[in-house]
Every structure is written in C-alpha cells, then in structure tokens.
Amino acid sequence: MNEYHGISVATEVNESGLLISFKAVGSLTHKDYLVILPVVDQALARNHRNTVSALIDITELTGWEMGEALHDIRIAFQYSEQFTKTAVIGSSRLQHISSILGGWILGGRTRFFSDGNTAKNWLDSP
C-alpha cells in the first residue's frame with residue numbers, strides 16, 4: 001500500500017505581512033523538499049513587507065528520511081533571518097520537542113500549538 005506524502009505550501013498577504021503556511025503529510029523525502037523550495041523562494045522574493053510568518057502543520061507528519069532531517073536544518077538556517085514568527089501545529093510530545101529544537105535554529109519567535117485557530121491568532125497578534 002502506497003502512503004501519501006508531501007508538503008503543501010500556501011501564501012497569504014494581509015496587513016500584518018506575509019504568511020507562508022506549510023502542511024507536512026506522511027513520511028517526507030528529499031523530493032518533497034525540492035518541490036516546495038522554489039515556491040518559498042518566489043514568495044519571499046515578491047514580499048515587499050517587513051514581516052514574514054510561518055504556520056507549520058505537522059499533525060499528519062509520520063517521519064522523514066534521515067538525510068531530510070539535515071536538509072530541514074539547512075533550510076531553516078537559509079531562511080532564519082526572514083521569519084519573525086513561526087507557529088508549529090502538532091499533536092504529540094515528540095513534535096512539541098522538535099518544534100522547540102527548530103525554534104532555536106529559526107530566527108524570530110517560535111511557539112507550538114495543538115490547535116490551528118489559536119496558532120493563527122498568535123501569528124496575527126502584534
């Protein structure tokens with residue numbers, strides 16, 4: 001049985017700035033990252049506002065290839081200066097711990113949430 005996997009990306013511009021939303025599903029591979037990086041690069045290049053926030057939903061993430069963990073860290077460093085706030089939505093203690101570790105790498109403020117609405121409200125707040 002094939003498992004669906006991948007990362008979807010959405011962008012939204014509002015009075016607060018640019019919001020980039022990610023949703024990770026299944027067990028991620030290197031190809032999943034290669035698909036989203038150009039989308040993120042284009043969104044950041046078109047951004048003429050000062051703030052960029054990220055909403056990362058990992059509630060359906062089941063894992064990733066070990067090489068992808070290192071790739072994920074490199075991506076975080078690449079964009080660390082861009083993001084002012086990052087909200088991570090998850091459902092497990094391991095995801096919470098992972099978001100704390102990721103927050104140390106990312107610039108700006110990072111918080112973990114179990115509810116998407118609360119996460120979005122926090123991103124929209126000053």
What verdict does the side chain to side chain contact (heavy atoms under 4.5 Å, CB included) test give for V35 and I7, after you've listed the backbone C-alpha separation in whole Å, the side-chain angles of each residue and the deciding distance to 0.1 Å?
CA-CA 8 Å; V35 169; I7 307 170; over 6 Å; no
Shortest non-hydrogen separation from [X] to [Y] and the atoms involved:
X    : Y    : value
A54  : L123 : O-CD1, 3.7 Å
F112 : S92  : CZ-O, 4.0 Å
G90  : I58  : CA-CG1, 4.1 Å
L18  : A43  : CD2-O, 3.7 Å

Inter-residue atom distance [X].[atom1] - [Y].[atom2], 0.5 Å rounding:
X   : Y    : atom1 : atom2 : result
L61 : I89  : CG    : CD1   : 13.0 Å
D32 : S8   : CG    : OG    : 11.0 Å
L55 : T86  : CG    : OG1   : 9.5 Å
K85 : D124 : NZ    : CG    : 8.0 Å

Using the rule given for side chain to side chain contact (heavy atoms under 4.5 Å, CB included), can you reason through V88 versus H96, listing the C-alpha separation, both sets of side-chain angles and the distance that settles it, and then say yes or no?
CA-CA 8 Å; V88 179; H96 188 181; over 6 Å; no
Expected output: side-chain [X] to main-chain [Y] donor-acceptor under 3.5 Å:
X   : Y   : answer
T62 : S27 : yes
D41 : L44 : no
K23 : A10 : no

Could you give me the CA-CA distance, side-chain angles and deciding distance for L19 and K120, then say whether side chain to side chain contact (heavy atoms under 4.5 Å, CB included) is met?
CA-CA 10 Å; L19 172 64; K120 188 102 173 10; 3.6 Å; yes
V13 with V39, same ILVMFWY side-chain cluster at under 4.5 Å:
yes
Kindly indicate whether the side chain of I20, heavy atoms from C-beta on, has any atom under 4.5 Å from the side chain of F83.
yes
Side chain to side chain contact (heavy atoms under 4.5 Å, CB included), that's the test. Do V40 and F22 meet it? Break it down for me.
CA-CA 10 Å; V40 174; F22 303 91; 3.6 Å; yes
Side-chain H-bond candidate by donor/acceptor type, N121 with T118, under 3.5 Å:
no
